[in-house]
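Chain A is the first sequence line, chain B the second, and so forth, proteins listed ahead of strands; every chain is numbered from 1.
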Amino acid sequence: MIALIDCNSFYASCEQVFRPELKNKPVVVLSNNDGCIIAANKEAKALVHIPMFEPVFKIKNILDANKVTCFSSNYTLYSDMSRRVMDTLQQFSPLVEEYSIDESFVDLSHYDSSELRQIGLEIKSTILRHTGIPVGVGIAKTKVLAKMANKFAKKMTCGTAVYVVDSEERRQSLLRSAKPKDIWGIGKKHALRLEKAGCKNALDFTNLEVAWARKEMTVIGERLWRELNNSPCLDLKTQTDPKKGIGTAKSFGYKLEDFGLIEEACSYYVAEVADLLRQQKSAASQIEVFLTTNYHSEFDNQYHNKIILSLDQPTNSTITLTQIALKGLRRIYRPGYRYKKVGVNLFHLVPDGTIQLGLFEQSKKSEDKGLTKTIDLLNSKFGKNKIKLATVGNREKQWALIKEHRSPRYTTQWEELLTVGKPNDK
DNA sequence: TCTGGGGTCCTAGGACCC
DNA sequence: TCTGGGGTCCTAGGACCC
C-alpha cells in the first residue's frame, strides 16, 4: 500500500506557523512580482472563490474588504519547511518519493493492512507536531488511487483527513465522487473527451474498455485506467534523476528598455542556473536566451525572440556561460521596446568530469575551475552573490522582482529569527 | 497600472544507419 | 509493372503536473 501525504495550502500554512495570530484567518500567498495568487488557505477560499493564478488586481477589493493577509512568496522558507516535513516522513518508511515541494508518496507495505488507518493518523499528527504544517493522507494500492483518496480525505468535512482505500466499496465511492476533470493526470482536453464518451465520474471511466483509454489517451491513459482499477503501473521513484534542463525566466519588476539593465538581469540569471548546474555536477552543451515584451499589454508593441547557442565543449563555468549568453542577448535585442522578461535555459546536460572533447580539441586545462570553486566557497560562507561578475552590476533595484510583503526567512537566516517575548526584552 | 515559474512524459515524423 | 525490413536518434508540439 502507498500513502500520498499532501500539505494543506502549503505556502499559506508555512506563513501561519510563524504568525500564530493568523490562525483561522484568511491568508493568501502571491507569485513573483506579487502578480497572481498561488496559494490560499481554506478561510480565504471560503470568502471568495479564488481561481488559482487569479491576478491580484482583479480581486484586490475583496481581499482588502475581508482583511485577507497577503504574503509575497518566500521560497527560502517554503523549501526549508518542506525539508522538515520530508525528514519526518522518513520515520515511517525508508521508501519515500518526494513528488513536489508539498507532497510525497510513501511505501507502507511493511505495515499490516489493519494498522493503516492508525498509521495515517500518526503521520498526520507527527508532522503537525514537528513542523506545524497540517496535512492530508490518502492510502491505497496504487499511486493514482492514493492521490485521489488524499483529495477525498480533505473534502470530507467531518473527517480526519485520512482516507484508506482498503475495500472495493471504498474504491467505488471514492471514484464515484470524482468528476473526470478531478482525476489526477486528466486535464482539460482529456476531461472533455471522457465526457463525450459518457463518463460522469471516475468510476464510469474505469468501466470503459481499456483499449479505449489507450486509443484516445495514449499509454498515459491506459496506465491511469489500470491504476484506478487497482492495478499498479507507476513505480515509486525514490531516487531523483539529474535534471535534463535547467532554466530560469522571471519577469522584471518594471518594464525595461535599457539594454544595460537587461544585460545585468540576464547575467544574474546565468549565475543562478550555472550554480544549480554545478550543484548537480553537470555541464551544459547548449544555452538558450530569450527576451519578451509583456504579452498582456495592449498598448505596447510586441517583440519576442530567442536564440540557442551551442558550446564547443560542455561547461558549468559561470564566466563562460555568461559570455555566451550575453553574446546571444545582444543578437536578439532590438531597441525601442519595453521588455518584461528575460530568460536563460541550459540544455544537453552531461555529467561534469566525463566531458567528451571534439576530435581536434584540446582540453581547456580545467578552464577556470579553481576560480569558480573559490567563488562558490566564498558565496556559500558569506551569502549569495557576495562575489559576482561585474556584468551583474549593482542596479538590481531597477529590475528585480517586486516583493512587497515577504515574510522573514525565519529558519535559514540568523538575522531573521523569530523573536518571542516583549519587543523591549531584546 | 497591475497577469508566475519550473517541470515531466509521450508521440509523430524527419533524418539517418545497416 | 514491380522498389525491403529492421533499427536509432532527435525534435517539436501536446498534455499534464505542482
Side-chain angles (χ1 to χ4, degrees), chain A residues 4-11 28-39 50-61 63 70-75 78-79 82 97-105 143-144 147-148 150-151 180-194 213-224 233-235 237 240-255 269 272-273 276 280 285-286 288 290 292-300 306 308 310 338 340-349 401-404:
Chain A
L4 187 268
I5 289 91
D6 185 318
C7 303
N8 301 354
S9 355
F10 181 56
Y11 297 170
V28 299
V29 177
L30 310 178
S31 65
N32 278 340
N33 270 334
D34 295 344
C36 295
I37 294 181
I38 54 169
I50 305 179
M52 272 315 148
F53 315 123
E54 181 77 348
V56 174
F57 71 90
K58 285 192 181 169
I59 57 165
K60 184 121 186 21
N61 296 338
L63 297 180
C70 297
F71 288 96
S72 303
S73 34
N74 181 350
Y75 288 104
Y78 310 150
S79 320
S82 169
E97 171 183 345
E98 282 186 30
Y99 180 72
S100 76
I101 193 164
D102 73 333
E103 59 191 290
S104 268
F105 290 99
K143 281 170 113 176
V144 177
K147 174 81 184 175
M148 295 189 57
N150 176 288
K151 222 176 174 180
K181 69 170 173 45
D182 299 330
I183 303 171
W184 188 45
I186 300 280
K188 260 191 194 146
K189 303 270 164 139
H190 288 327
L192 216 63
R193 230 167 262 182
L194 283 177
R214 176 76 190 210
K215 184 162 161 277
E216 297 290 323
M217 296 156 64
T218 76
V219 66
I220 296 182
E222 178 171 348
R223 276 184 208 141
L224 264 180
C233 297
L234 304 173
D235 293 331
K237 280 177 66 182
T240 47
D241 301 331
K243 292 203 179 107
K244 289 163 188 161
I246 296 178
T248 190
K250 280 172 254 190
S251 302
F252 305 127
Y254 312 89
K255 290 181 189 164
Y269 296 151
E272 268 188 350
V273 291
L276 290 172
Q280 78 159 35
S285 328
Q286 248 185 12
E288 174 190 67
F290 67 87
T292 163
T293 48
N294 183 358
Y295 56 88
H296 291 293
S297 171
E298 293 169 21
F299 315 105
D300 288 312
K306 68 168 183 181
I308 296 178
S310 295
R338 306 207 301 155
K340 187 61 182 163
K341 188 191 276 187
V342 71
V344 181
N345 284 311
L346 303 175
F347 297 123
H348 290 172
L349 309 188
L401 305 166
I402 297 170
K403 283 185 185 254
E404 282 183 19

Review point. Looking for any heavy atom pair under 4.0 Å, which part of the strands does A/D34 touch: base, sugar-phosphate only, or nothing?
Key: nothing
Exercise for review: With heavy atoms under 4.0 Å as the rule, sort A/E54 into base, sugar-phosphate or nothing.
Suggested key: nothing
Exercise for review: Please list, chain by chain and in numerical order, all residues satisfying side-chain contact (heavy atoms from CB on, under 4.5 Å) with A/L276, sequence neighbours excluded.
Suggested key: A/I246, A/Q279
Study note, to complete from the structure: Pairing string of DNA chain C (Watson-Crick or G-U wobble, both atom distances under 3.5 Å; | = paired to other strand) is ....||||||||||||||
Check your understanding: Contact class for A/S251 vs. all strands (heavy atom < 4.0 Å): base, sugar-phosphate, or nothing?
Key -> sugar-phosphate
Check your understanding: When you check the gap from the basic side-chain N to the acidic O, do A/D300 and A/K255 get nearer than 4.0 Å?
Key -> yes
Review point. What residues form a side-chain contact (heavy atoms from CB on, under 4.5 Å) with A/E98, not counting sequence neighbours?
Key: A/M86, A/S104
**Study point:** Sugar-phosphate only, base, or nothing, as touched by A/I101 at under 4.0 Å among non-hydrogen atoms
**Key:** nothing
**Study point:** Those residues that, when tested against A/S31, pass side-chain hydrogen bond (donor to acceptor under 3.5 Å, both in side chains) (two or more places apart)
**Key:** none
Review point. Base, sugar-phosphate, or nothing: which does A/K250 touch, judged by heavy atoms less than 4.0 Å apart?
Key: sugar-phosphate
Practice item. With DNA chain B as reference, determine whether A/F299 or A/F53 sits nearer its 5' end, using the nearest nucleotide of each. Key: A/F299
Review point. When we call it a touch if two heavy atoms are under 4.0 Å apart, what does A/Y254 touch: a base, just sugar-phosphate, or nothing?
Key: nothing
Practice item. List for me each residue that meets side-chain contact (heavy atoms from CB on, under 4.5 Å) alongside A/T248, sequence neighbours excluded, and say none if there are none. Key: A/K250, A/Y269, A/E272, A/V273
Exercise for review: For A/G247, report the nucleic acid contact type (base, sugar-phosphate, nothing); a contact means any heavy atom under 4.0 Å.
Suggested key: sugar-phosphate
Practice item. Could you tell me from which nucleotide to which nucleotide of DNA chain B, 5' to 3', there is an atom under 4.0 Å from chain A heavy atoms? Key: B/dT1 to B/dT11
Practice item. For the residue pair A/Y11 and A/Y78, categorise the inter-ring angle as parallel (less than 30°), tilted (30 to 60°) or perpendicular (more than 60°). Key: parallel
Practice item. Using the test side-chain hydrogen bond (donor to acceptor under 3.5 Å, both in side chains), find all partners of A/E216 that sit at least two apart in sequence or belong to another chain. Key: none
**Study point:** First encountered from the 5' end of DNA chain B, between A/E272 and A/P55
**Key:** A/P55
Review point. Hey, does A/N294 reach any base, or is it just sugar-phosphate, or nothing, if we go heavy atoms under 4.0 Å?
Key: sugar-phosphate
Revision key, fill the gap. The side-chain contact (heavy atoms from CB on, under 4.5 Å) partners of A/F53 (sequence neighbours excluded) come to A/I38
Practice item. Could you check whether A/K243 gets within reach of a base, just the sugar-phosphate, or nothing at all, counting any heavy atom under 4.0 Å? Key: sugar-phosphate
Check your understanding: Residues two or more places apart in sequence or in another chain: which of them pass side-chain hydrogen bond (donor to acceptor under 3.5 Å, both in side chains) with A/D34?
Key -> A/S72
Review point. Contact class for A/K255 vs. all strands (heavy atom < 4.0 Å): base, sugar-phosphate, or nothing?
Key: sugar-phosphate
